[in-house]
Amino acid sequence: MASNMDREMILADFQACTGIENIDEAITLLEQNNWDLVAAINGVIPQENGILRSDYGGEPISGPAFDPASHPAPASAPAPSSSSAFRPVMPSRQIVERQPRMLDFRVEYRDRNVDVVLEDSCTVGEIKQILENELQIPVSKMLLKGWKTGDVEDSTVLKSLHLPKNNSLYVLTPDLPPPSSSSHAGPFSALQESLNQNFMLIITHREVQREYNLNFSGSSTIQEVKRNVYDLTSIPVRHQLWEGWPTSATDDSMCLAESGLSYPCHRLTVGRRSSPAQTREQSEERKLLAVYLHHDESVLTNVFCSQMLCAESIVSYLSQNFITWAWDLTKDANRARFLTMCNRHFGSVVAQTIRTQKTDQFPLFLIIMGKRSSNEVLNVIQGNTTVDELMMRLMAAMEIFTAQQQEDIKDEDEREARENVKREQDEAYRLSLEADRAKREAHEREMAEQFRLEQIRKEQEEEREAIRLSLEQALPPEPKEENAEPVSKLRIRTPSGEFLERRFLASNKLQIVFDFVASKGFPWDEFKLLSTFPRRDVTQLDPNKSLLEVKLFPQETLFLEAKE
């Protein structure tokens, strides 16, 4: 017996060799071959002539393929149960059919990328047909480049090119005008031009009143815009409440060029859904997706459509509880396109589940449930079922979905509670920062005001000092005590108690006394000069009169007093 580690290595090698992505299917095939890697690979990839290999000795078994239509079961044979439908088990041999090999193509055209998934039995022309629908380019105008073997014909079968699973190609359209040319070629050219344009989205965050100017190409989707806004605002996409999207923007997978946005600028507003009940209501409005897959070559198709899909109970239950979608897989091109859409919208798991279904198992009902960021196939209902069994399986899927819905609502409530706490903490932190910033700004304003007042004070002091010096220099020289002209001796008491003494000619004007007092730092517009006996305000006298005329001769004691 192989150990768990050996089995993991065998499983990895088996998936790498066969291209089977479904782990459950790969494990089933390995267990059928007792974990013999070579035997399992030979069982999945037999010789190209269609020979089937025996499970009991490896001898090839040739013969016609089993056809349910040409070999009907005897009337007395019991009806097969649903668990073994279309999985006949032969008593001595087990037939393992070769699974189709799927090829993934990433096709680049200008600034667009298109993913195409096809079986290796398809042709190059079928890839071009799919690209014609996706890119709206006629096949006749399309050159598909990037093949490892050089140019190929439209009729070339992909299997003959021996391609790897993942391939990169690109489309050239030399006969079509470039996107920057005139748009007179029709709606297709206008759309191509819009896809290559850049849209400026001016998005206002309602709660914080902040604007973001974001540039997006026309090929970007609305979903990409919302995810970018989540990175900037921390508002999850499911909680974003938008205003300003055009009415034509009905699907988040729609690209901006098709959404009807104003070019080159468009204004939008985003906020957070404030009520947890709204989020809960959205969760409750979600439904399961029921995908009906039709195939004309299955013998059960007519019975299923006439009995199951026409049953009133089934139709009513589906319409009330499911979103239904139908697709016809009869043609290979339709099948390839459907697998491409599945990969894009539902994920590779759903696409791989559909690939594993055989033609005689159709029609199918795939019950798909969205689970967080991925999709999960809840049930695959094959065509050999009854009305009662179909109803029971639909009800079982609804029970699982309802339980998951309740869990999602609980998670939403818990997440909302955590986000509320985080928002409160962020708001408290923001208020604290604003308070600190306001305090800092007030302190800076105070310091700036103090500096301004200090500068004014310094300028005033400098101006006063300049005036004082000019007055001091303009004073006439002090006369000597013994002078031919009469001399008046004045003694002036300052507010601090000090005395200023100086001799003046009796003929000097009173203004000279004022200038002398001002030169000592006591300007006459701030201080008044008073005499004692009689008390009078000398500064109110005429400054052009002489000291003799104002009776400040031969000597006088004055004192300075600040004006009010």
Can you tell me if CD on Gln555 sees more than 12 non-hydrogen neighbours from other groups inside 6.0 Å? no
Over 12 foreign heavy atoms within 6.0 Å of CD, Glu481: no
Kindly indicate whether the side chain of Lys551, heavy atoms from C-beta on, has any atom under 4.5 Å from the side chain of Arg536. yes
Step through the shown structure and confirm whether more than 12 heavy atoms of other residues, nucleotides or ligands are within 6.0 Å of CD on Glu498. no
Qualifying residues under side-chain contact (heavy atoms from CB on, under 4.5 Å), relative to Glu414, sequence neighbours excluded: Lys410, Asp411, Arg418
For atom NZ of Lys165, is the number of surrounding heavy atoms from other residues, nucleotides or ligands below 6.0 Å larger than 12? yes
Aromatic ring pairing Phe338/Trp325, orientation class (parallel under 30°, perpendicular over 60°, tilted between): tilted
Would you tell me whether Gln511 and Asp515 have side-chain atoms, one donor and one acceptor, within less than 3.5 Å of each other? yes
Flag the pair Arg430 and Asp426 as a salt bridge only when some basic side-chain nitrogen lies within less than 4.0 angstrom of an acidic carboxylate oxygen. no
Spatial distance of atom CG (Asn113) from atom CD (Glu134) [nearest 0.5 Å]: 12.0 Å
Look up atom CG in Leu118 and atom CG in Leu163, then write down how far apart they are to the nearest 0.5 Å. 11.0 Å
Walk me through whether Glu465 and Arg468 qualify under salt bridge (Lys or Arg N to Asp or Glu O under 4.0 Å). CA-CA 5 Å; Glu465 179 65 15; Arg468 188 190 68 78; 2.7 Å; yes
Contact check, side chains of Ser507 and Glu485, non-hydrogen atoms, under 4.5 Å: yes
Heavy atoms only: give me the nearest Ala26-Gln15 pair and the separation to one decimal. CB-CG, 4.0 Å
Could you tell me whether Arg210 atom CZ has more than 12 heavy atoms of other residues or ligands within 6.0 Å of it? no
Taking the side chain as every heavy atom from C-beta outward, state whether Arg106 and Asn166 have any atom pair closer than 4.5 Å. no
Looking at Glu419 and Arg415, is there a salt bridge between them, counting it only when a charged N and a carboxylate O are closer than 4.0 Å? no
N/O donor-acceptor pair under 3.5 Å between Glu549 side chain and Ser546 backbone: yes
Side chain of Gln240, backbone of Ile235: donor and acceptor closer than 3.5 Å? yes
If you round to the nearest 0.5 Å, how far is OH of Tyr230 from NE2 of His239? 10.5 Å
Donor-acceptor check, side chain of Lys563 to backbone of Trp524, threshold 3.5 angstrom: yes or no? yes
Are the side chain of His266 and the backbone N or O of Ser262 linked by a donor-acceptor pair below 3.5 Å? yes
Which heavy atom in Arg112 sits nearest to a heavy atom in Leu135, and how many Å separate them? NH1-CD2, 3.8 Å
Trace of the side-chain contact (heavy atoms from CB on, under 4.5 Å) decision for Phe527 with Thr539: CA-CA 9 Å; Phe527 293 87; Thr539 51; over 6 Å; no
In the structure I gave you, are the side-chain heavy atoms of Asp115 and Asp104 within less than 4.5 Å of one another anywhere? no
Rounded to the nearest 0.5 Å, the CG atom of Asn483 sits from the CZ atom of Arg503 at a distance of 9.5 Å
Inter-residue atom distance Ile512.CD1 - Leu505.CG, 0.5 Å rounding: 8.0 Å
Report, as yes or no, whether the 6.0 Å neighbourhood of atom CD1 on Ile23 holds more than 12 heavy atoms from other residues, nucleotides or ligands. no
Could you tell me whether Arg272 and Glu416 make a salt bridge, using a distance below 4.0 angstrom between a side-chain N and a carboxylate O? no
Using a 6.0 Å cut-off, check whether atom NZ of Lys528 has over 12 heavy atoms from anything other than its own residue. yes
Heavy-atom closest pair (Leu103 atom, Pro164 atom, distance to 0.1 Å) is CD2-O, 3.4 Å
Any donor and acceptor pair, going by atom type alone, linking the side chain of Glu108 with main-chain N or O of Tyr170 inside 3.5 Å? no
Contact between Leu471 and Ile467 at the side-chain level, heavy atoms closer than 4.5 Å - yes or no? yes
Report yes if some heavy atom in the side chain of Ile202 is under 4.5 Å from a heavy atom in the side chain of Leu268; otherwise report no. no
Before giving the answer on side-chain contact (heavy atoms from CB on, under 4.5 Å), spell out for Glu501 and Arg491 the whole-Å C-alpha distance, their side-chain angles and the decisive distance to 0.1 Å. CA-CA 5 Å; Glu501 295 183 0; Arg491 192 166 182 263; 2.9 Å; yes
In terms of heavy-atom contacts, Gly218 and Cys255 come closest through O-CB, 3.5 Å
Under a 3.5 Å distance rule, please check whether Ser248 uses its side chain to pair with a backbone N or O of Ser259 as donor and acceptor. yes
Full working for side-chain contact (heavy atoms from CB on, under 4.5 Å) between Ile368 and Leu378: CA-CA 6 Å; Ile368 301 174; Leu378 279 185; over 6 Å; no
Can you give me the closest heavy-atom contact between Asp252 and Thr221, atom names plus distance? O-CB, 3.7 Å
Check against side-chain contact (heavy atoms from CB on, under 4.5 Å), Leu500 and Phe516: CA-CA 10 Å; Leu500 304 174; Phe516 167 71; 4.2 Å; yes
Sub-3.5 Å donor-acceptor pair from the side chain of Glu556 to the main-chain atoms of Ser531, do we have one? no
Regarding Gln460 and Arg457, is there a side-chain donor-to-acceptor distance under 3.5 Å anywhere? no
How many angstroms lie between atom CG of Leu131 and atom CE of Met142, to the nearest 0.5 angstrom? 5.0 Å
For Arg464, look at atom CZ and say whether over 12 heavy atoms of other residues, nucleotides or ligands are found less than 6.0 Å away. no
Can you find a heavy atom in the side chain of His443 that is under 4.5 Å from one in the side chain of Lys439? no
Phe105 vs Val114 side-chain heavy atoms within contact, under 4.5 Å: no
Contact summary for Ile367 and Leu288, nearest pair of heavy atoms: CG2-CD1, 4.0 Å
Taking Thr340 for its side chain and Ala336 for its backbone only, find out whether a donor-acceptor pair lies under 3.5 Å. yes
After noting the C-alpha distance and the side-chain angles of Gln455 and Arg452, does the key distance pass the side-chain hydrogen bond (donor to acceptor under 3.5 Å, both in side chains) rule? CA-CA 5 Å; Gln455 289 297 109; Arg452 187 183 68 84; over 6 Å; no
